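Reviewing the structure listed below.
Quick caveat: nothing in here was measured; it's all calculated off a predicted structure. Along the sequence shown, the residues carry numbers beginning at 1.
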Amino acid sequence: MVIPHPEAGPVAPRNILFIGGTGVISTAAAERAVGLGHRLTILNRGRSTRPVPEGVETLQADVRDQESVREVLGRREFDAVADFITYTPDQAQASMELFRGRTGQYVFISSASAYQKPPARLPILESTPLKNPFWKYSRDKIACEELLFRAYRDDDFPLTVVRPSHTYDRTKIAMVGGWTDIHRMRAGLPVMVHGDGTSLWTLTHSRDFAKAFVGLLGLPQAVGESYTITSDEYLPWNQVYRLFARAAGVAEPELVHVASETIAAQNPEIGANLLGDRSHSVIFDNSKIKALVPDYAATIPFADGAREIVQWHDSHPELQVVDQGYMELTDKLTAWARGSM
């Protein structure tokens, strides 16, 4: 039985398609959409272990196989199509070809990491330049946006761009080492924090994100626009780590600070994310999305989010995976950092 959302009364039901629909962001958005009474269809390969809300229509096809998608969708049209799994320009081009003429709004989920790094000013606005020389993921998202906005300008493709930043649910540990950092805290081992731990970061619970995201679906005034959707809370990384420690029952974790550039030199994969995103202070101005969705407010503080995350992992031992490679990297770099003091 689907439990209607308290706001379901005044909301006009819309016919919505999610491409993907079972990730951290899209799962919460699906629950929100169904709770508000929208008619939601999810199209994916059917391989996710996350359940979809009752009342959602599911279609199985690989969006990279255009013919199979066309066969599954037939002649159907939608008020809004939200694409959660396009990452590169060639994928964006294919999505345009699939959904042109089939929807009144195509919502591309980009990333706030696409904004200028390092930022020249704070807070970050939708008008902040898109430029990230550090992280290919972000550059690909920027290239997708450029392609899609060109199609909007030249051919009236009904584009809306959404830029989330570090959106989490109970399954996602925000620390770089994931569960390995929780393990180290509980074992009394030093935990590596990038930089000096004072750069500011914004973490947004997926249920909060969903309020704003679902609110803009099907709104014609959102076409041709981009929107940042984040919490208004921002915390220094030291506090993020301490909140996880408190949730894990550790009163005083030993936090050892290591320059992001040093971590990147030892592990380029982690380094790309640090230098391209996490090492820079980010504060976002959400005025634009709030003007479109006036009741939007992020109400879940990260102190509560951290407790939810740790409780979830404590109740699922199979998720408590300790990464030996990250253990060795942390041992090496924390020993080096303490020795250099």
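Using the six-membered ring where Trp is involved, H316 and W312 have ring planes that are tilted, between 30° and 60° apart.
For the residue pair T171 / R50, a side-chain donor-acceptor distance below 3.5 Å is found, with atom types taken as modelled. No hydrogens or angles considered: a donor-acceptor pair under 3.5 Å links the side chains of Y115 and R163. At a cut-off of 3.5 Å, with distance as the only test, a side-chain donor of T160 or Q105 sits close to an acceptor on the other residue. Residues H257 and N238 have side chains that bring a donor and an acceptor to within less than 3.5 angstrom of each other. Between the side chains of S110 and E145, at least one donor N or O sits under 3.5 Å from an acceptor N or O. Remark: the S138 side chain and the N132 side chain contain an N/O donor-acceptor pair separated by less than 3.5 Å. E57 and T41 share a side-chain donor-acceptor pair at under 3.5 Å. In summary, the side chains of H194 and W237 do present a donor paired with an acceptor at a separation below 3.5 Å, with no hydrogens or angles considered. Y106 and D83 share a side-chain donor-acceptor pair at under 3.5 Å.
Residues forming a side-chain contact (heavy atoms from CB on, under 4.5 Å) with E67 (at least two apart in sequence, or on another chain): D65, R70. With sequence neighbours left out, Y326 forms a ring-ring contact (aromatic ring centres under 6.0 Å, His included) with no residue at all. In terms of the side-chain contact (heavy atoms from CB on, under 4.5 Å) criterion, residue partners of D79 (sequence neighbours excluded) are, by chain and number, R14, N15. Partners of F302 by ring-ring contact (aromatic ring centres under 6.0 Å, His included), not counting sequence neighbours, listed by chain and number: Y168, F244. Remark: E146 engages I142, R150 in a side-chain contact (heavy atoms from CB on, under 4.5 Å) (not counting sequence neighbours). A search for side-chain hydrogen bond (donor to acceptor under 3.5 Å, both in side chains) contacts involving T58 returns nothing, not counting sequence neighbours. Every residue two or more places apart in sequence or in another chain that forms a side-chain contact (heavy atoms from CB on, under 4.5 Å) with Q324 is listed here: V322, M327. Partners of F284 under the ring-ring contact (aromatic ring centres under 6.0 Å, His included) rule, at least two apart in sequence or in another chain, do not exist in this structure.
In K288, the NZ atom is crowded: over 12 heavy atoms of neighbouring residues, nucleotides or ligands sit closer than 6.0 Å.
Residue L275 is found in a hydrophobic cluster whose other members, listed by chain and number, are F134; membership requires side-chain heavy atoms under 4.5 Å apart, directly or through intermediates. Hydrophobic side-chain contacts under 4.5 Å tie L125 to no other Ile, Leu, Val, Met, Phe, Trp or Tyr residue.
Listed by first and then second residue, the side-chain hydrogen bond (donor to acceptor under 3.5 Å, both in side chains) pairs that reach into residues 258-269 are Q266-K332, sequence neighbours excluded. For residues 210-222, the pairs satisfying side-chain hydrogen bond (donor to acceptor under 3.5 Å, both in side chains) are D208-K211, K211-T299, with sequence neighbours left out.
Under a 3.5 Å cut-off, the side chain of T167 and the backbone N or O of I25 do not form any donor-acceptor pair.
When all heavy atoms of A112 and K117 are compared, the pair lying nearest together is O-NZ, 3.3 Å.
Ion pairing of K290 with D285 is absent here, as no side-chain N (NZ or NE/NH1/NH2) approaches a carboxylate O to less than 4.0 Å.
Remark: of the listed residues R186, R307, R170, R186 is the sole one forming a salt bridge (charged side-chain N to carboxylate O under 4.0 Å, His left out) with D314.
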